[in-house]
Amino acid sequence: MSGETPARYQPQTTEAKWQAAWDAAGCFVARRDPARPKYYVLEMFPYPSGRIHMGHVRNYTMGDVVARYKSARGHSVLHPMGWDAFGMPAENAAMQEGANPAEWTYRNIAVMKGQMKPLGLSIDWSREFATCDPEYYGQQQAMFLDFLEGGLVYRKAAVVNWDPVDMTVLANEQVIDGKGWRSGAEVERRELTQWFFRISEFSEELLTALDGLENWPEKVRLMQKNWIGRSRGLQFGFSTVDAPEGFERIEVYTTRPDTLMGASFVAVSPDHPLARHLERHDSEVAAFNAECRRIGTTEEALEKAEKRGLDTGIRVRHPFDTAWELPVYIANFILMDYGTGAIFGCPAHDQRDFDFATKYGLAIPTVFVPEGEEDAPLAEAYVPPKTERVHYVRGFAGEEVQTGDAAVEAAIDFCESRGVGQGVTKFRLRDWGLSRQRYWGCPIPVVHCETCGVVPEKKENLPVELPSDVSFDQPGNPLDRHPTWRNCACPRCGEPARRETDTMDTFVDSSWYFARFTAPRAQTPTVAAEVDYWMNVDQYIGGVEHAILHLLYSRFFARAMHRTGHLPAKAIEPFDALFTQGMVTHEIYMTRDARGRPVYHLPEEVEDGKLRATGEAVQVVASAKMSKSKKNVVDPVNIIERFGADTARWFVMSDSPPERDVEWTSAGAEATFKHLSRVWALSERIAAMPEGGPAPGDGDLMRAMHRAIDEVTRTIEGFAFNKSIAALYTFTNALAKAEASGAASRQAARVLAQLMAPMVPHLAEEVWAMQGGEGLVTEAAWPEADPAMLVSDTVTLPIQINGKRRAEITVAADATKDEVEKAALADDAVLRFLAGAAPKKVIVVPGRIVNVVL
RNA sequence: GCGGGUGUGGCGGAAUUGGCAGACGCACUUGGUUUAGGUCCAAGCGCCGCAAGGCGUGGGGGUUCAAGUCCCUCCACCCGCACCA
């Protein structure tokens with residue numbers, strides 16, 4: 001480093017220098033190395049929106065800490081990066097600014113990559129790809145064809161949000177209060193024939209395999225379990241009275257057959273065949289069904305809507321008593337997708353049914369009551385857990401007092417023996433609809449032929465590339481109205497045919513990118529030798545908002561890829577460990593305009609609670625996820641320019657546990673910069689220390705050093721990076737105050753550099769070089785803590801009297817319980833409290849605490 | 001509505017999983033050094049109280065020698081809900 005060493009910590013110059021050094025040494029190029037254990041760390045890849053944000057910085061820094069740490073521990077590390085590049089924002093930009101989606105996307109990728117590079121992430125950029133590269137989506141199309149051949153893809157009708165003014169399909173987020181976001185028109189539900197992945201074939205398997213995902217957060221496994229929603233129930237048919245021809249029976253599915261004697265009505269979905277039949281002949285039914293279809297397609301909207309029904313006039317006979325007739329309603333809260341699209345309502349033991357029965361004046365017969373209570377009219381539905389024992393007053397199978405679970409099984413057995421339906425297992429999980437009526441996605445590689453029907457494209461014709469000459473001046477899918485793109489020859493008969501114009505859901509793109517990173521340029525989707533070596537992802541890191549869909553779809557895809565020969569059996573669970581990180585939040589600064597509407601201000605426009613420009617006081621609203629609409633965003637680019645990447649990286653890793661939200665504050669960023677500056681100055685001071693002989697403080701410093709190694713190692717392993725940072729503060733303070741020799745101080749400073757390196761790699765290289773470290777700290781082996789240096793020979797124990805801390809004693813670390821008790825009872829403070837009396841009880845927890853009970 | 005989660009000083013959080021609540025950092029206060037750049041150093045800092053002492057982990061109740069941690073109950077906020085990525 002010679003005399004050119006800057007006089008101050010100057011990340012702007014040093015960070016670029018070390019990044020160039022890492023590149024020159026090829027530190028981050030992933031290599032298959034049979035001599036070393038491999039480690040694959042992956043952060044969920046970003047959508048190229050145009051700028052990186054602090055959430056990205058936090059996400060990728062976490063992955064970087066793991067990657068650099070594992071590398072120092074001797075692993076051959078794969079740490080790639082790519083772009084989830086298809087999606088609606090590119091089309092929106094095309095519509096609003098006339099941009100070309102591909103150009104817009106690749107421009108954004110270039111900008112974001114330019115913003116990410118200065119962060120100094122240990123990424124193997126040679127493996128980079130975007131999902132909108134024909135090279136990538138062509139392989140995706142090849143797999144689609146394999147899935148099709150393997151019976152994992154099929155077509156069926158499904159409902160979409162239809163905007164009747166824009167004549168286009170809307171995403172759920174484009175439907176606001178039941179109206180199209182652009183046109184403002186009432187959105188309709190419309191049926192289209194669409195492509196589906198047969199994920200439901202794996203329902204049972206995807207559920208049971210969750211148990212093996214021990215390194216996934218418990219909450220994510222639980223959410224997936226509930227989403228898959230396995231249930232045991234009874235399916236049976238009610239025979240009808242006065243029903244149209246062909247509807248002699250209505251099949252229902254219930255998870256509570258034990259409440260069959262509490263039935264008071266039958267309800268069918270507005271999309272049920274019976275409801276559809278009736279609406280053709282009955283204007284009242286047609287109007288009601290149309291009203292229901294306006295609610296939208298999300299489960300949330302259906303559940304929140306007011307529960308409404310229409311009496312069809314049709315009745316059904318109770319299976320146990322043909323004289324007992326129940327009315328049949330069409331009801332807006334019955335889902336056609338779940339079960340049979342028809343239910344019987346038991347208002348006494350289901351709150352929705354209770355509300356419905358109350359509204360329409362239907363009977364509410366009680367089936368069971370709490371043990372030891374009498375049957376009495378209910379004010380609300382009585383819904384105890386199925387594991388609780390209750391007293392059946394209208395039971396028909398099993399014991400009079402039993403749990404709900406037992407009653408359900410008894411009811412199924414009873415019904416089956418009487419020929420009333422059969423016990424079935426059903427899943428909530430529906431097949432995955434992948435068709436999108438949009439341009440900017442992976443084309444579905446099939447052809448529609450007049451004579452041959454739906455024909456897969458030949459693999460040698462892949463990729464089916466998107467045309468670039470498209471216009472967005474009118475609504476709808478540009479592929480549909482492209483003059484030539486749709487025209488093609490039938491791969492089977494050669495006659496003129498028409499391409500499929502639907503493209504794939506972008507979740508398809510992100511369901512296998514992790515596998516593609518192992519061989520990103522291959523002419524096949526994957527390469528056996530590479531997936532065998534690199535899979536599985538050892539550590540996957542991303543937002544909890546992906547807990548269900550992305551992760552479940554990826555688990556399905558891995559199985560489908562295995563079945564079609566693209567992944568080995570060991571990779572059917574592609575992510576060995578999952579970590580879900582929290583968001584980066586910031587305070588919101590708000591003023592109001594003349595009409596009292598809120599006006600938001602960027603943090604850099606505000607100083608000391610006032611607007612910089614006008615001096616007007618701003619209202620500070622509680623911290624929330626950074627969002628453009630609230631303007632509570634801090635641009636990482638500005639932070640890196642001002643303080644350097646290490647400050648940004650250190651800050652997002654400090655304070656909050658990684659799984660929780662972290663609040664960005666300018667004071668915190670400044671404090672981080674000051675700390676890193678102090679470390680730099682401290683290192684410079686230590687580098688200049690004379691050699692000298694051993695000093696009295698050497699022992700203490702070495703003990704502090706080994707404690708730091710131990711603490712930082714354990715906390716990185718445990719994904720508690722905030723605690724790693726706290727340990728680094730403690731060690732730095734100890735080093736700054738140590739009265740140690742030059743040799744010991746330099747050794748400690750080198751270890752400090754190694755321990756800091758995963759979080760602040762550039763500063764770590766500076767310190768390492770100043771202390772005469774060999775080569776790059778990035779390539780140095782992780783230090784080991786000496787266990788002998790971690791223990792002390794005495795320990796100070798608190799003494800409680802009746803659970804309140806009153807004194808403390810210092811005893812030998814290996815003192816027996818009796819010795820500790822004797823020492824505690826001899827303590828002055830304890831003697832004062834005892835006042836001559838004998839204690840009732842003395843609890844000694846070795847190494848922890850003593851509690852004297854009077 | 002359903003499913004999942006979170007709640008500890010002025011602020012972010014820690015607590016070895018039932019054993020000293022507040023580690024570490026920010027902010028703040030006091031003192032010192034130096035004043036040029038974004039200073040640095042030392043000390044203090046949960047709340048009430050002059051003190052002795054009392055109170056304190058979202059609210060209420062319980063189990064225990066001992067509860068932030070376990071149980072019951074209530075409240076608030078956040079995330080997901082299948083076409084946002």
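No experiment lies behind these values; they were computed from the predicted model shown. Naming convention: chains lettered A, B, ... in sequence-line order (proteins, then strands); numbering from 1 in each chain.
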inquiry  = Rounded to whole Å, please give me the gap between CG in D350(A) and P in C2(B).
reply    = 10 Å
inquiry  = Quick check for you: among A85(B), C40(B), A14(B), whose closest atom lies nearest to any side-chain atom of P657(A)?
reply    = A14(B)
inquiry  = Using a heavy-atom cut-off of 4.0 Å across all strands, would you classify V662(A) as base, sugar-phosphate, or nothing?
reply    = nothing
query = Under 4.0 angstrom, heavy atoms only, what part of the nucleic acid is N733(A) near: base, sugar-phosphate, or nothing?
reply = sugar-phosphate
message = Students often get this wrong, so: under 4.0 angstrom with heavy atoms, is A671(A) touching a base, only sugar-phosphate, or nothing?
response = sugar-phosphate
inquiry  = Taking the minimum atom-to-atom distance to the side chain of K841(A), which one of C65(B), C20(B), G80(B) wins?
reply    = C65(B)
ask   = Below 4.0 angstrom, N of the basic side chain to O of the carboxylate: do R189(A) and D271(A) qualify?
value = yes
query = Counting only heavy atoms not in E739(A), do more than 12 sit closer than 6.0 Å to its CD atom?
reply = no
task = Could you check whether K307(A) gets within reach of a base, just the sugar-phosphate, or nothing at all, counting any heavy atom under 4.0 Å?
result = nothing
query = Any idea which of G80(B), C11(B), C84(B) is nearest the E663(A) side chain?
reply = C11(B)
query = Touch check for W432(A), heavy atoms < 4.0 angstrom, all strands: base, sugar-phosphate only, or nothing?
reply = nothing
key: Per I843(A) side chain, nearest of listed nucleotides A85(B), C65(B), G7(B)   = C65(B)
ask   = Between D431(A) and R198(A), is there a side-chain N and carboxylate O pair less than 4.0 Å apart?
value = no
request  = Please determine, for the side chain of R660(A), which listed nucleotide (G13(B), C81(B), C79(B)) has the closest atom?
outcome  = G13(B)
remark   = Secondary structure of RNA chain B per the Watson-Crick/G-U criterion (both distances under 3.5 Å; [ ] crossing, | other strand, . unpaired) is (((((((..(((......[....))).(((((.......))))).(((....)))..(((((..]....))))))))))))....
inquiry  = Looking at R649(A) and E15(A), is any side-chain nitrogen of the basic one under 4.0 Å from a carboxylate oxygen of the acidic one?
reply    = no
remark   = Whichever of R352(A) and E300(A) has the more 5' nearest nucleotide on RNA chain B, that residue is R352(A)
query = How close or far is atom P of C24(B) from atom CG of L755(A), stated in whole angstroms?
reply = 18 Å
query = From G25(B), A21(B), C26(B), pick the nucleotide closest to the side chain of Y729(A)?
reply = G25(B)
query = So what does F507(A) touch, heavy atoms closer than 4.0 Å: a base, only the sugar-phosphate, or nothing?
reply = base
inquiry  = Is U17(B) syn or anti, taking syn as a glycosidic angle within 90° of 0?
reply    = syn
key: For atom CD of E91(A) and atom C1' of A85(B), their distance in whole Å   = 14 Å
key: Candidates C83(B), C84(B), C81(B) - which lies nearest the side chain of R438(A)   = C83(B)
ask   = Tell me, which of residues 549-557 of chain A have any heavy atom that sits under 4.0 Å from an atom in RNA chain B?
value = L549(A)
query = Counting only heavy atoms not in K386(A), do more than 12 sit closer than 6.0 Å to its NZ atom?
reply = yes
request  = Would you tell me whether T585(A) and D661(A) have side-chain atoms, one donor and one acceptor, within less than 3.5 Å of each other?
outcome  = no
message = I'd like to know if Q437(A) reaches the base of C83(B) with its side chain, counting only an N/O donor and acceptor under 3.5 Å.
response = yes
query = Between R430(A) and D337(A), is the closest basic N to carboxylate O distance under 4.0 Å?
reply = yes
task = Return the 5'-most residue of the pair K723(A), V853(A) with respect to RNA chain B, ranking by each residue's nearest nucleotide.
result = K723(A)
task = Provide, to the nearest angstrom, the distance between the CD atom belonging to Q224(A) and the C1' atom belonging to G4(B).
result = 12 Å
query = Out of G54(B), G25(B), G19(B), which nucleotide sits closest to the side chain of R848(A)?
reply = G19(B)
ask   = R221(A) side chain to L213(A) main-chain N or O, any donor-acceptor pair under 3.5 Å?
value = yes
So which protein nitrogen or oxygen atoms get under 3.5 Å of nucleotides 55-58 of chain B's nitrogens or oxygens?
none

task = Using a heavy-atom cut-off of under 4.0 Å over every strand shown, decide if L429(A) touches base, sugar-phosphate, or nothing.
result = base
query = In whole angstrom, what separates E545(A)'s CD from A82(B)'s C1'?
reply = 16 Å
task = Would you indicate what P46(A) reaches in the nucleic acid, counting non-hydrogen atoms under 4.0 angstrom: base, sugar-phosphate, or nothing?
result = nothing
key: With R436(A), the side-chain hydrogen bond (donor to acceptor under 3.5 Å, both in side chains) member among N477(A), T503(A), D505(A)   = D505(A)
request  = List the steps, then state whether side-chain hydrogen bond (donor to acceptor under 3.5 Å, both in side chains) holds for D480(A) with T501(A).
outcome  = CA-CA 6 Å; D480(A) 270 334; T501(A) 57; 2.7 Å; yes
query = Does a salt bridge link K817(A) with E821(A), judged by any charged N lying under 4.0 Å from a carboxylate O?
reply = no
key: Salt-bridge present (R642(A), E670(A); N to O < 4.0 Å)   = yes
key: Integer-rounded Å distance: C81(B) P and H546(A) NE2   = 10 Å
inquiry  = Starting the side chain at C-beta, find the nucleotide from G19(B), C83(B), A14(B) nearest to A171(A).
reply    = C83(B)
message = Over all strands shown, is Q351(A) touching base, sugar-phosphate only, or nothing at heavy-atom distances under 4.0 angstrom?
response = nothing
request  = For the pair K359(A) and E306(A), find out whether any cationic side-chain nitrogen is under 4.0 Å from an anionic carboxylate oxygen.
outcome  = yes
key: Aromatic ring proximity F651(A)/F643(A), centre distance under 6.0 Å   = no
request  = Using a 4.0 Å heavy-atom cut-off across all strands, classify H675(A) as base, sugar-phosphate, or nothing.
outcome  = nothing
Out of C40(B), C20(B), C83(B), whichever nucleotide has its closest atom nearest the side chain of I849(A) = C20(B)
task = Please determine if a side-chain N or O atom of R436(A) lies less than 4.0 Å away from the OP1 or OP2 oxygen of C83(B).
result = yes
key: Whole-Å gap separating P (C41(B)) and NZ (K674(A))   = 10 Å
query = Within the structure shown, what part of the strands sits under 4.0 Å from R428(A) by heavy-atom distance: base, sugar-phosphate, or nothing?
reply = base
inquiry  = Does this structure show an ion pair linking R714(A) with E717(A), if we count only N-O contacts that are shorter than 4.0 Å?
reply    = no
message = With hydrogens left out and only the distance checked, is there a donor-acceptor pair under 3.5 Å joining N226(A)'s side chain and the base of G3(B)?
response = no
query = What about N851(A): does its side chain form a donor-acceptor pair under 3.5 Å with the base of C65(B)?
reply = yes
query = NA contact type, G433(A), heavy-atom cut-off 4.0 Å: base, sugar-phosphate, or nothing?
reply = sugar-phosphate
ask   = Rounded to the nearest Å, what distance is computed from the CG atom of residue L335(A) to the P atom of nucleotide G1(B)?
value = 17 Å
request  = Quick one: label V842(A) by what it contacts on the DNA or RNA (base, sugar-phosphate, nothing), any heavy atom closer than 4.0 Å.
outcome  = nothing
task = Verify the neighbour count for atom CE of M167(A): are there more than 12 heavy atoms of other residues, nucleotides or ligands below 6.0 Å?
result = no
request  = For K304(A), report the nucleic acid contact type (base, sugar-phosphate, nothing); a contact means any heavy atom under 4.0 Å.
outcome  = base
request  = Assign G9(B) to syn or anti; the rule is syn for a glycosidic angle within 90° of 0 and anti otherwise.
outcome  = syn
